[in-house]
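Heads up, the thing below is written out as structure tokens.
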2 protein chains.
Amino acid sequence: MDPLAEHPAAHAGRGAPEVSPPAAAVATPRTGSARQRILDTAFRLFYAKGIRAVGVDLIIAESGVAKATFYKHFPAKDDLVVAYLDTVDGIWSGQLHDAAEAAGPAPADQLVGLFDALSSACRQDGYRGCAFINAAAESQPGTPVHDRTVAHKAAVLDWVTGLASRAGAANPQVLARSLTLLLDGGLASGALDADPDAPAAAKASAEALVAAALA
Amino acid sequence: MDPLAEHPAAHAGRGAPEVSPPAAAVATPRTGSARQRILDTAFRLFYAKGIRAVGVDLIIAESGVAKATFYKHFPAKDDLVVAYLDTVDGIWSGQLHDAAEAAGPAPADQLVGLFDALSSACRQDGYRGCAFINAAAESQPGTPVHDRTVAHKAAVLDWVTGLASRAGAANPQVLARSLTLLLDGGLASGALDADPDAPAAAKASAEALVAAALA
DNA sequence: ATTGAAGCAGACAGATCTGTCTGCTAGGTT
DNA sequence: AACCTAGCAGACAGATCTGTCTGCTTCAAT
């Protein structure tokens with residue numbers, strides 16, 4: 001049901017009133033059940049239907065939460081949207097890291113291995129493209145939601161640039177940019193044509209580009 | 001102001017009650033002024049703010065048209081959305097063709113020249129990504145709006161495949177897929193990071209991929 | 001001169017959406 | 001025992017959105 005597998009690296013909301021568990025002491029699970037239910041429901045509905053298409057009332061109904069409880073945790077809908085994007089960021093970044101590591105220790109192999117995460121994502125049932133690109137399409141530049149999207153893409157680009165650098169690319173920035181372009185293209189068009197060969201083509205292209213950049 | 005330049009190849013709405021001018025005879029301009037104003041306004045607002053963010057009332061106000069006139073031309077908002085996508089399809093297809101032709105007669109050069117259209121688009125003031133990807137993010141699979149997006153992407157892929165075939169690629173489908181992935185990636189992420197080098201990186205990658213595919 | 005098509009102006013209905021507010025219940029801490 | 005926090009239930013207000021309908025004007029063709 002989840003579009004991006006099983007939350008391997010989901011990190012919490014953008015934590016204004018919360019702190020990460022220091023060691024022991026306050027061991028009581030401070031992540032309330034209601035908040036998590038809201039977040040889970042929002043994740044599912046926002047991704048499947050789009051952000052503007054999902055009203056607060058629907059999230060409240062499907063998460064079985066009172067309206068006052070909802071607005072206590074998220075004073076405005078946009079706060080929930082940002083928390084949703086934080087969740088997706090954690091999941092997707094985790095999947096990218098996992099796919100890279102699974103490709104072996106060599107950075108050059110990891111650059112190509114990234115694209116296995118793309119294949120997995122596109123194969124997911126209910127796959128509907130990149131949550132960030134979709135969110136950006138529904139938000140205006142300068143808003144917190146749009147900024148969150150930009151920050152995510154910048155973080156991924158930075159990380160890939162580091163990988164390209166360790167791989168010994170002559171121009172890590174350009175290689176990383178090319179690979180993220182391919183990745184974003186695969187994420188975006190994976191929702192439009194159900195062509196199962198698209199991720200494979202992306203990976204093959206990535207291989208060629210990495211090989212050319214290291215030659 | 002227009003995000004995609006000056007409507008070089010805009011073709012008309014999906015014409016249910018209209019017929020294309022057969023020869024002479026009914027030479028009276030059947031494309032009323034009101035319809036065109038609605039379409040122009042919708043083009044501007046839908047692209048800039050997103051489809052769901054723009055209400056019918058706003059389009060009516062900004063196009064200076066009566067509400068009854070609006071609903072006479074477009075019985076439902078979605079009809080206008082589809083007409084808007086038709087307009088974008090005409091413009092963008094025209095720009096792709098123009099960029100390809102400008103690159104010279106050789107199909108291999110044209111495959112790379114495509115990416116000049118990407119550069120131009122991203123440089124446009126108010127560029128906000130691919131109108132089709134954005135529309136797909138706001139619509140559900142199976143709806144006319146979503147279908148229109150899928151059809152557009154399929155048409156572009158077909159056309160690029162033909163180009164790749166004429167260029168002599170061993171596997172035109174795979175090359176075309178790779179290039180459209182790059183193109184879509186550039187279109188999508190061009191709205192997120194204002195990195196002016198992204199289109200150049202896309203073009204350089206395209207060059208490498210085309211060269212590799214023809215080797 | 002009359003008719004008809006196209007357009008303008010705006011009221012109206014019904015649905016939906018965000019956000020506020022009041023009351024109530026349950027569990028844990030002091 | 002008193003209290004506080006988290007949560008549930010749902011009414012309510014105000015805005016907005018889609019779509020319908022009535023009435024008036026203008027212009028061109030018959």
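Chain letters run A, B, ... following the sequence lines, proteins first and then strands; every chain starts at 1.
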### Message
Across nucleotides 8-15 of chain C, 5' to 3', mark each nucleotide with B, S or - according to how protein heavy atoms within less than 4.0 Å reach it.
### Response
BBBB----
Using atom [atom1] of [X] as one end and atom [atom2] of [N] as the other, report the distance to the nearest whole Å.
| X | N | atom1 | atom2 | answer |
| --- | --- | --- | --- | --- |
| A:K72 | C:dT22 | NZ | P | 15 Å |
| A:K77 | C:dC17 | NZ | P | 8 Å |
| B:F74 | C:dG7 | CZ | C1' | 15 Å |
| B:F70 | C:dG7 | CZ | P | 13 Å |
| B:E138 | D:dC17 | CD | P | 13 Å |
| B:I60 | D:dT16 | CD1 | C1' | 14 Å |
| B:I51 | D:dT18 | CD1 | P | 12 Å |
| B:I38 | D:dT18 | CD1 | P | 14 Å |

### Query
Taking only side-chain nitrogens and oxygens of B:H73, does any of them come within less than 4.0 Å of OP1 or OP2 of C:dG7?
yes
### Summary
On a heavy-atom basis, the closest approach of A:A164 and A:L111 is CA-CD1, 3.8 Å
### Partners meeting side-chain hydrogen bond (donor to acceptor under 3.5 Å, both in side chains) with A:K77 (sequence neighbours left out)
none
## Note on the structure
By side-chain hydrogen bond (donor to acceptor under 3.5 Å, both in side chains), B:S205 pairs with (sequence neighbours left out) A:S178
### Task
Not counting sequence neighbours, which residues clear side-chain contact (heavy atoms from CB on, under 4.5 Å) with A:A176? List them please.
A:L157, A:V160, A:T161
### Task
Could you name each residue pair satisfying side chain to side chain donor-acceptor pair (under 3.5 Å) that touches residues 51-62 of chain B, not counting sequence neighbours?
B:R44-B:E62, B:D57-B:K67
Hey, can you pull the donor-acceptor pairs under 3.5 Å for the side chains in residues 113-121 of chain B, sequence neighbours left out?
residue : atom : partner : partner atom : Å
B:D116  : OD1  : B:K203  : NZ           : 2.8
B:D116  : OD2  : B:K203  : NZ           : 3.4
B:S119  : OG   : B:F115  : O            : 3.2
B:S120  : OG   : B:D116  : O            : 3.0

